Student: 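What follows is a structure written as structure tokens; I'll ask about it next.
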Amino acid sequence: MKSRFKRILAATFSMIMVLGSLSGCGSSGGAETTGSGESSTAQGELTISVLSAITGPIAFVGKPAAWAAEYAAGIINEAGGINGKTIKIDMHDTKFDTAEAVSAMSQVVDDALVVVGPMDAPGGEAAGQVAFDASVTNIAAFSFPDIRAQYSPFAIAYMTDSEEGDLLAAKHWVELNPDIKSIVVFANPTDPSQMATAEMLESGLPEVGVTVKKIIEVETGVLDAGPAAVQAINADVDGYYIGIRADEAAKVVSELRTRGVDEGNRICATFAAFSPNYSDVVSEDALNGTYIWNKLDPNYDGEEWNKLVEAYKADNEGASPTVNPVPDYYNALMAIKQCFEELNITGDPAKLETEKAAIAEWFYNSPVIEGIQGEFQWVEGKKVAPVYFFQFEGKQPVAVK
Amino acid sequence: MESFIAQVINGLATGSIYALIVLGMNLLVLVRDIVHQGYAHIIMITMAAGWITLNTSGGNIAMAIAVMVVVGVLVTMATEPLFRPLCKRGAQLETIVLAMSVGIILTEFMSQFVNSGGNFAFPASMRGGGITLTFGLIRLSLANIIALISAVVVALVLLWFMHKTQQGRAIRAMAQNLRVAKMLGIPFGMTGMIGFGIAGFLAAIIAILIIMTIGTCGPSLGDTFAVKSVILMLFAGMGNLKGGLLSALFMGLIEAMALAYLPGSWTQAIFYGVIMLVIIWKPNGLFGTAK
Amino acid sequence: MSTALSYFIIFCCVFIILTWAAYVPFRAGLLYNGTVYCMAIGGYFAALASKTWHWPFWVCIIGAIVVGAILGFIPALGFSRTSGIVTAVSSMALIFIIQSVIRNIDILGAGRGISGIPKIENLVLYSLILVLIVAVFIFRLDHSRLGRAFEAVQTDPDMAATLGVNVKIISVLGLTISSALGAVAGAIYAFNMRIIYPETFGFSLLLSVMTMLFVGGRYTQWGMFISVPLLWGINKWIPSSLAIYAQIIYGVILIVILMARPEGLVTRKMVAGVGRVFVRK
Amino acid sequence: MEQMSRILKIEELSVYYGQICAIKRINMEVFEGEIVTLIGSNGAGKSTLINTIIGLQKATKGKITFMNEDITKVSTDKVIKRGISVVPEGRGMLASMTVLENLQLGAYHKKNVIEQNLEKVYERFPILYDRRLQKAGTLSGGEQQMLAISRAIMGDPKLILLDEPSLALSPAYVDKIFKILVELKKEGMTILLSEQNAKKALQYSDRGYVLDLGETVLDGKSSDLAGNPAVRSAYLGAD
């Protein structure tokens, strides 16, 4: 008798605890977003939700991206807002964690017309599902065509596809250096996008007469890139394509250079290496003469970009914006402005569904947009934009035409 | 053959760093019977302190080293009071979790406040002037040689300290039987602090050696070293100074070989799988004896 | 129900069950870091079963329990030879092993993970039901002969052995139950995320679970109901101006609790007190 | 004998473990150059009393004075530093450290006397010299007890506390140990020991206190106590 009573007690107790504590917290989250959504129309304000990895291991990319979104909102508001409404950024932290990304997306998705971010591929793909379920356009890291197809038309890539850029850059590189006939590619076996790049180079380069002799695997966080460099040199090739992220790329290039790769032009690095984690870390001698490609040009000469650089420097103790998401997040916000103005979006909750559908349609195949670094366009959710090819002169990347 | 020798030297260079980290962690096992994963993160913070000093003092290496020693010692000692209440109530398992959270805090501190979370490199002047002696594929950088020699010297000095000085003996006595050690008049708080202080000094030395051999630092550095060092320590036997040294050097070698000659995607599984089997086979560690 | 609320509840259910998976071995005095390994197994099994073989939800859950228990049983046999800190640290290696293995198996999506896991209607209700079932199960376990044997082993393994408790069997049993619970959490997680990656089941997840266990209170099964919403929703509780300190605050909370409240927020005494209030009625 | 100065004085000392009383209002004195025995069965509070003197156990009430200074609340290491040393129950070997290291740690607070005291110890126990580089755990029980006593006198203490020195030793060794204690006394050391083996202890000591359930039930000269019928029946067994 007593034990049964205890059992029932336990059951009710746990139920009460679960429901009580959960609904308490959950509703506060829910209320927050609904509140902001409603008040936005009331005060003539539009809320745009932005997700970025403000804390955690990629905060050094996430914080500049978040800054770019806030900056863009400031620029838009200075110019009178969108359709006469000021915009407000509702920033959420994804912590470079898929579950946090999904959670952040779930908090904004009910009232959102469009969501920018997450910025990392796993976070983007996971949170993209939530946005897709809610029919909300999501401008985020959808770097794989199959994922874009799965979430179409709501998955809009915030930057250009990397593999194509890699192939383009590699072709450009061997064209400039005709003596390069065989190369090795460094890639991270745990990063699907880098492995895809390596395969793309393997299949795409033979048509210009270059063979990929070996794919050398470099894991994230590798302490000593020596073994990888020795393997590469042993392969006896003319060129080294560094397809890995900045942290590891810096180590590999340093090792290659000290182990006898004397000519910088035999090395070409991917956009993922284009960061202070690469260019600040590799010594000037080692960097000199090597190639790299990127989705942004830090020295781009344009009024809008120069203004952004000045503002960034003022806010960040003189540092320049060098990470890709800065112009991409800025462009995303500007594209939203253009879209909302062309479609005359009101943000009225009553018209939410129709407006969401219209926005998705607009972005999925967008008009050509004048971005902060030249024109770009979305074609079936894929971003088509110029990429930039550089050769280092000392520590300075100089654009190659 | 040439490349094989190059890989061996690579392996020894990283192995010697692991060896010193394991040595530092083992020292903390002896004084407080804790597994201090956060120790690796303290080394990272020490490196960051050195880098900041270099930047603000205009490249004054002596000053940077002085600051690193101070920061290493102070930060390590500052973690001692955190562990003390747990040690007093004999909550050894909880100390693992506490050390992990020290790691979280230091990593996030780096992500937010040091170089905006980006990686940073140390100037060539602090890395032995970048002088390298190259024989084909064998690269013997001056820094690597200095690092290897210093690692050996530091390890020997520490072993000497632990066995031949009264303080060292006191630390070992505390590790062996805290109650008896107390009855002999060995002060619990003070000796612990001295142990942490020495570990902190060692952390500064390790930081300098990492600067010389790897030359870069970033928020992920602590995590990179932490788990592997702890597992290595267990592999050799907790608190076993000599065993830790040997197995860390050996592991450095194995890892370099694995990276060079095994398919990359399986290395991790093989590495940890073998270690786990050895630990299960010999729960007191390869060199351990039952307490 | 708003999307935010439903996701919040499901995530909390996942973490509550996962924290219980860490709680059960702790009852037998083991700090088992393999819970994340079991979660990966459960998650991947559920993803595969529902997406490729089109199994219904409950069958997936039962399947995950079985597979999780079996694959948890194997390392548990090994860990029955070790104890304390050795089990704690060496079980961390399981996380790295399972991640590496998943990345090499194409049917599990390798590095790309498995996406497009079918949507489950009523997942909120189902996960609450699962939490309830597991809660009752653990309550029964804690108050059974077996539970007392667990407690004896936790208090003093040598004494427990003299009382006729087979410490090895208890440890294997504890870890196997833990594995099954971890697998349940993994399965709900997979259905909630609809996409899973090997990276998810990594070290940071382990830290979250341990924090939730130690902050909530690891001597009773009820602490998780407080610590999980508190810590999972940490970004909601702290003002947005402190958002960049969220992870630091997380770490500090854990340290303070470990130092100042050895039993965590919810202690055995509190539970006994609450229990007495109800029983007197 | 009576002019000798008082080394240790315990007044109204009580120790509680939570609700349980381990020591109840004990009064006790030890004078310089004496051997004093604490007699009592298991759980009478002998070990608790010794632990309380050196500060390993907190005193709930009362006062402990050593050399006219209050040491009730002084931490263990400082008490030892003032000149008390302990031979713990079960000898307290640092088993995986060498004999030499054990001895060196005996003089933790007096590093300058290590060399000369080592010589004295080796002179007294040549076997310890032969085994100085051996691990302490490899010694026999009797040798370990010798080492424990030697370790205790390494730091030139004023008072030595021995907790059950005859425990688990062969009768031959027990005599040997007590003879050593008498020798030490002759050299001017003061000794307080706890014993279950009351017969031997009373034979060699000057005075004794009989503890039962944490209270002093009897005290007096050892010869008187040995003759006391109550003590004879309770602690000396049937002759």
Side-chain angles (χ1 to χ4, degrees), chain B residues 26-27 29-33 80-81 84-85 87-90 158-195 236-244 284-291, chain D residues 47 50-51 53-57 74-115 133 135-138 144 147-148 150-157 160-163:
Chain B
N26 264 328
L27 186 62
V29 169
L30 291 181
V31 288
R32 281 292 182 267
D33 208 7
E80 197 273 345
R84 202 182 283 188
C87 295
K88 280 199 173 151
R89 59 173 192 259
L158 194 74
L159 286 178
W160 172 84
F161 171 83
M162 293 302 286
H163 285 92
K164 298 292 170 201
T165 68
Q166 195 74 332
Q167 262 325 317
R169 283 190 285 263
I171 288 172
R172 283 166 52 226
M174 265 191 11
Q176 203 168 102
N177 191 330
L178 186 57
R179 197 179 162 76
V180 170
K182 278 182 174 175
M183 285 180 163
L184 292 174
I186 296 169
F188 178 75
M190 196 47 200
T191 309
M193 271 300 187
I194 291 172
M238 264 175 72
N240 188 323
L241 298 172
K242 290 171 211 159
N284 289 312
L286 210 50
F287 301 88
T289 44
K291 241 189 188 178
Chain D
S47 292
I50 288 181
N51 288 343
I53 295 172
I54 59 170
L56 270 181
Q57 177 62 45
V74 177
S75 66
T76 309
D77 55 296
K78 303 231 167 64
V79 171
I80 307 288
K81 199 175 176 182
R82 286 181 191 202
I84 298 182
S85 68
V86 193
V87 177
E89 188 178 347
R91 303 181 281 272
M93 288 293 97
L94 296 167
S96 66
M97 294 174 82
T98 63
V99 169
L100 176 61
E101 285 173 325
N102 267 282
L103 290 172
Q104 285 165 326
L105 280 171
Y108 180 79
H109 287 293
K110 286 198 171 178
K111 285 168 202 135
N112 48 341
V113 299
I114 290 181
E115 287 309 315
L133 298 177
K135 297 256 161 75
T138 63
Q144 287 190 7
L147 174 56
S150 310
R151 188 174 66 182
I153 58 176
M154 278 293 293
D156 293 332
I160 306 176
L161 308 178
L162 294 98
D163 202 353

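Each chain gets a letter, A, B and so on, in the order its sequence line appears, and its residues count up from 1. Because the structure is predicted, anything quoted here is derived from the model rather than measured.
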Student: Side chain, backbone, both or neither: which part of D:Lys81 has a heavy atom under 4.5 Å from chain B?
Tutor: neither
Student: At their closest point, which heavy atom of D:Asp77 faces which heavy atom of B:Gly185, and how far apart are they?
Tutor: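 Result for this residue pair: CB-O, 3.2 Å.
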Student: Roughly how far apart are B:Met174 CE and D:Leu105 CG, rounded to 0.5 Å?
Tutor: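 Answer rounded to 0.5 Å: 11.5 Å.
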Student: Which atoms of D:Leu94 are under 4.5 Å from chain B, going by heavy atoms: the side chain, the backbone, both sets, or neither?
Tutor: both
Student: Which residue out of B:Arg172, B:His163, B:Gln167 racks up the most heavy-atom pairs below 4.5 Å with chain D?
Tutor: B:Arg172
Student: Would you check, one step at a time, whether the test side chain to side chain contact (heavy atoms under 4.5 Å, CB included) holds for D:Asn51 with B:Met183?
Tutor: CA-CA 9 Å; D:Asn51 288 343; B:Met183 285 180 163; 3.5 Å; yes
Student: For the residue pair B:Val180 and D:Arg151, establish whether any side-chain heavy-atom pair is separated by less than 4.5 Å.
Tutor: yes
Student: Got B:Leu184 and D:Tyr108 here, is their nearest side-chain heavy-atom distance under 4.5 Å?
Tutor: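 No, their side chains stay 4.5 Å or more apart.
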Student: Is D:Ile114 close to chain B through its backbone or its side chain, or both, or neither, when contacts mean heavy atoms under 4.5 Å?
Tutor: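 Side chain only.
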Student: Quick check on D:Asn102 against chain B: is it the side chain, the backbone, both or neither that has a heavy atom closer than 4.5 Å?
Tutor: neither
Student: Without swapping roles, check the side chain of D:Gln104 against the backbone of B:Gln166 for a donor-acceptor pair under 3.5 Å.
Tutor: no
Student: Answer with side chain, backbone, both or neither: which region of D:Ile54 has an atom nearer than 4.5 Å to a non-hydrogen atom of chain B?
Tutor: side chain
Student: As an exercise: rank D:Met93, D:His109, D:Met97 by heavy-atom pairs under 4.5 Å with chain B and give me the winner.
Tutor: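 Heavy-atom pair counts peak at D:Met97.
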Student: At a 4.5 Å cut-off on heavy atoms, which part of D:Ser96 comes close to chain B: side chain, backbone, both, or neither?
Tutor: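 Looking at D:Ser96, backbone and side chain both touch chain B.
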Student: Given a strict heavy-atom distance threshold of 4.5 Å, which part of B:Thr165 is in contact with chain D: side chain, backbone, both, or neither?
Tutor: neither
